[in-house]
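The block underneath contains the structure these notes are about, expressed in structure tokens.
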Amino acid sequence: MFLIKLIGKILLLPVVLLLAILRLLVKIGMEVSSLILGALMLIVFGCIIFTIVQHTWNSMAILIVMEVFLVLITAGTGVIEGVLQMASESLGGFMRS
């Protein structure tokens with residue numbers, strides 16, 4: 001049984017390293033994109049307020065859809081980071097056992 005676990009740990013080592021690199025890249029990408037998307041969301045929100053003042057409701061609807069997609073992109077990257085973290089923790093737990 002010990003030998004099978006050892007072989008499994010050796011075979012999972014490249015997967016764990018690849019997962020760690022992927023987590024790092026997603027985290028860096030999320031940090032950078034949150035700055036860019038945050039500024040873009042602020043600009044779109046300002047445009048929404050402007051379209052409300054100007055009573056251009058069709059443009060406002062388009063801008064609201066854009067704002068929703070920007071929020072979904074940000075939330076999606078957070079979900080991906082969470083899934084990668086859970087996978088990394090579960091594989092790390094197996095590696096430490």
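Note that the structure is a prediction, hence the values are computed from the model and not measured. One-based numbering along the sequence shown.
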Are [X] and [Y] connected in the hydrophobic side-chain network, where two residues link if heavy atoms are under 4.5 Å apart?
X: Leu37; Y: Ile80; value: no
X: Met66; Y: Leu40; value: yes
X: Ile73; Y: Val44; value: yes
X: Leu11; Y: Leu3; value: yes
X: Leu91; Y: Ile10; value: no

Practice prompt. Give the C-alpha distance, both sets of side-chain angles, the deciding distance and a yes or no for side chain to side chain contact (heavy atoms under 4.5 Å, CB included) between Phe94 and Arg96.
Written response: CA-CA 5 Å; Phe94 175 73; Arg96 284 188 290 275; over 6 Å; no
Worksheet item: When you look at CD1 of Ile4, are more than 12 heavy atoms from neighbouring residues, nucleotides or ligands closer to it than 6.0 Å?
Response: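 At most 12 heavy atoms, drawn from other residues, nucleotides or ligands, come within 6.0 Å of this atom.
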Worksheet entry | Stepwise side chain to side chain contact (heavy atoms under 4.5 Å, CB included) check, Thr74 with Leu70 | CA-CA 6 Å; Thr74 306; Leu70 291 173; 5.5 Å; no
Could you give the distance from [atom1] ([X]) to [atom2] ([Y]), rounded to the nearest 0.5 Å?
X: Cys47; Y: Leu42; atom1: SG; atom2: CG; value: 10.0 Å
X: Ile36; Y: Met41; atom1: CD1; atom2: CE; value: 14.0 Å
X: Ile49; Y: Phe45; atom1: CD1; atom2: CZ; value: 4.0 Å
X: Gln85; Y: Lys27; atom1: CD; atom2: NZ; value: 8.5 Å
X: Phe2; Y: Ile7; atom1: CZ; atom2: CD1; value: 10.5 Å
X: Arg23; Y: Leu18; atom1: CZ; atom2: CG; value: 13.0 Å

Worksheet item: Can you name the side-chain hydrogen bond (donor to acceptor under 3.5 Å, both in side chains) partners of Glu67, sequence neighbours left out?
Response: none
Worksheet entry | Under 3.5 Å donor-acceptor, Ser88 side chain and Leu84 backbone | no
Worksheet item: Passes side chain to side chain contact (heavy atoms under 4.5 Å, CB included), Ile64 versus Ile48? Steps please.
Response: CA-CA 7 Å; Ile64 288 175; Ile48 289 172; 3.9 Å; yes
